[in-house]
Amino acid sequence: MALKNYEFWFVVGSQFLYGPEVLETVAARAQEMVDKMNASGNLPCRLVYKVTAKTSREITDVVREANHDEKCAGVITWCHTFSPSKMWINGFANLQKPYCHFATQYNRAIPNDEIDMDFMNLNQAAHGDREHGFIAARLRMPRKVIAGYWQDADVQARIGSWMRAAVGVAVSKSLKVMRFGDNMREVAVTEGDKVEVQAKLGWEVNTWPVGTLVEYMNAVTEEEIDAKMAEYESLYTIATDDIETVRYQAREEIAMKKMLDAEGCMAFTNTFQDLYGMKQLPGLASQHLMAQGYGYGGEGDWKVSAMTAIMKAMSEGMTGGTAFMEDYTYHLVKGEEYSLGAHMLEVCPSLAADKPRIEVHPLGIGDREPPARLVFEGKAGKAIVVSLVDMGGRLRLICQDIECVKPIMDMPNLPVARVMWRAMPDLLTGVECWITAGGAHHTVLSYDVTAEQMKDWATMMGVEFVHITKDTTVEGLEQQLFLNDLAWKLK
Ligand code: MN
């Protein structure tokens with residue numbers, strides 16, 4: 001489902017104490033607030049006013065409805081007046097959707113002359129939101145608290161940002177990953193407990209035979225390949241005379257897409273160690289599928305593939321770019337320390353600073369014909385890299401702030417897409433932190449998704465979150481990881 005088709009339900013807490021006139025005013029104002037916030041253009045999904053709840057029954061009913069409505073990606077609550085929170089316990093105990101408590105107030109200013117006790121009883125969000133916040137804390141609910149005036153663009157943007165994280169939850173819970181082949185032999189970090197992940201995150205991770213993909217490839221028609229080639233020509237510079245090799249990638253892409261779509265999979269993996277019956281490792285084919293929103297993980301890495309799909313869905317409609325990435329090599333000249341990220345082939349062109357070039361080069365690994373691939377430089381700008389690892393008994397999501405730069409050299413003999421960056425707080429401390437936390441070499445790199453959104457997503461999914469920032473020290477991180485280990489053993 002497209003991001004804009006999700007909706008969020010606005011549920012306002014109150015009680016009967018104040019009489020029908022106050023309740024009518026609250027309901028009318030809640031509708032007005034929703035209408036104005038929707039009209040602001042700052043929310044990526046529609047906010048829907050549902051109810052001013054006065055009883056436990058009304059709250060339980062709206063929660064039950066939210067749980068079962070596929071379009072509803074989350075519930076946002078607020079208390080215009082005071083809403084006694086024991087009324088909320090039964091509903092909250094059953095809430096299965098992401099939850100945000102919006103602490104706001106209808107009026108911006110206290111009206112000096114007008115204010116009397118009637119005004120106070122109608123406009124007591126400061127009072128009601130505290131009672132409301134207590135019960136969520138008492139119930140240990142995963143939640144987002146956003147405080148601010150509802151007409152302010154920055155406050156609306158924060159709600160919009162949380163909405164995208166919540167859509168990431170909805171996408172996660174319905175995500176299917178297609179694996180062509182298994183894991184690259186002997187690699188540890190790409191492994192994990194698929195049963196636990198399905199129970200926790202909802203991912204259905206299953207395998208399909210490479211032989212079936214080859215059958216699909218053999219069934220692709222020349223007309224289908226012609227159409228795909230026209231698409232490539234419109235988007236990319238064809239910088240090779242070896243058109244047959246590019247057409248072979250088109251054949252692979254069409255076949256993979258048919259299989260993915262037939263099974264409803266938005267993510268896939270493959271491994272260069274299992275290409276039986278295929279002439280080329282999919283390069284351009286995987287890259288162009290990623291550009292269409294599919295997640296990808298190399299060497300059988302289903303975790304990074306799923307995270308790529310989820311983060312692409314969270315950032316739908318944004319233009320920065322989100323891609324499967326791999327830490328490859330360092331530039332350790334003092335004062336200009338950088339990481340160079342790339343992959344054997346498969347980097348998503350959403351990261352490209354300029355029009356990508358389709359090139360054909362031999363591949364030193366995998367014993368297949370030279371594959372066509374997109375070659376480009378990544379954009380400069382602030383970004384994050386994210387890695388989900390299985391710690392045994394729990395998942396850990398590691399997120400690092402990075403600053404991408406235009407690559408400081410042109411590397412004319414490097415035949416793959418490349419991105420150069422400096423990890424926070426500085427490259428070497430950042431590397432020490434990343435390795436200390438157990439972060440993988442495979443990551444999702446995003447210019448669009450923020451660390452706060454990934455933290456929100458991890459909170460909603462019940463996943464440990466580790467954030468490496470400009471302020472992180474190795475000592476502080478070690479302490480946090482030690483305490484996290486203890487805390488997660490108790491959970
Ligand atoms: Mn790799």
Side-chain angles (χ1 to χ4, degrees), residues 177-192 194 205 207 210 249 252 256 267-275 278 280-291 294-312 321-330 338-351 361-368 370-376 378 383-390 397-398 400 402 404 411 414-421 423 431 434-435 437-446:
V177 183
M178 181 171 283
R179 304 185 81 208
F180 296 112
D182 195 54
N183 203 54
M184 179 180 164
R185 282 187 284 277
E186 307 289 0
V187 177
V189 77
T190 47
E191 297 277 13
K194 300 189 201 79
V205 183
T207 190
V210 176
Q249 290 284 329
E252 290 180 326
M256 285 194 288
F268 69 106
T269 70
N270 58 15
T271 168
F272 65 88
Q273 288 177 329
D274 188 355
L275 297 173
M278 298 171 75
Q280 298 177 31
L281 175 65
L284 169 61
S286 294
Q287 291 174 296
H288 193 58
L289 282 170
M290 276 188 273
Y294 295 92
Y296 171 78
E299 295 93 61
D301 192 342
W302 48 274
K303 295 196 300 299
V304 81
S305 177
M307 289 309 302
T308 306
I310 290 165
M311 291 171 67
K312 278 179 173 290
T322 296
F324 165 64
M325 184 50 63
E326 179 168 275
D327 287 79
Y328 236 110
T329 193
Y330 299 129
Y338 293 106
S339 270
L340 184 66
H343 205 255
M344 276 154 56
L345 302 172
E346 311 90 341
V347 177
C348 177
S350 65
L351 304 188
H361 302 278
L363 194 63
I365 296 170
D367 189 28
R368 286 292 181 275
R373 81 288 304 272
L374 294 169
V375 180
F376 56 86
I384 56 170
V385 283
V386 169
S387 168
L388 183 72
V389 294
D390 189 328
L397 189 73
I398 305 153
Q400 185 162 39
I402 63 170
C404 297
M411 299 172 273
L414 182 67
V416 290
R418 73 294 300 266
V419 183
M420 191 171 256
W421 69 83
V431 167
W434 187 266
I435 289 173
H441 54 278
H442 285 165
T443 60
V444 186
L445 185 152
S446 181

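As the structure lists them, so they are numbered: ligands from 1, and atoms in each ligand from 1.
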Would His442 count as a contact for the Mn ion (ligand 1), in the sense that one of its N, O or S atoms lies under 2.8 Å from it? yes

Between His442 and Glu299, do the side chains contain an N or O donor and an N or O acceptor separated by less than 3.5 Å? yes

Looking only at N, O or S atoms, which one in Glu299 sits nearest to the Mn ion (ligand 1)? OE1

Nearest heavy-atom approach of Met325 to Ala342 is SD-N, 3.6 Å

Would you find a donor on one side and an acceptor on the other, under 3.5 Å apart, between the side chain of Ser305 and the backbone of Asp301? no

Checking one value in my table: which N/O/S atom of Glu326 lies closest to the Mn ion (ligand 1)? OE1

N/O donor-acceptor pair under 3.5 Å between Arg179 side chain and Gly300 backbone: yes

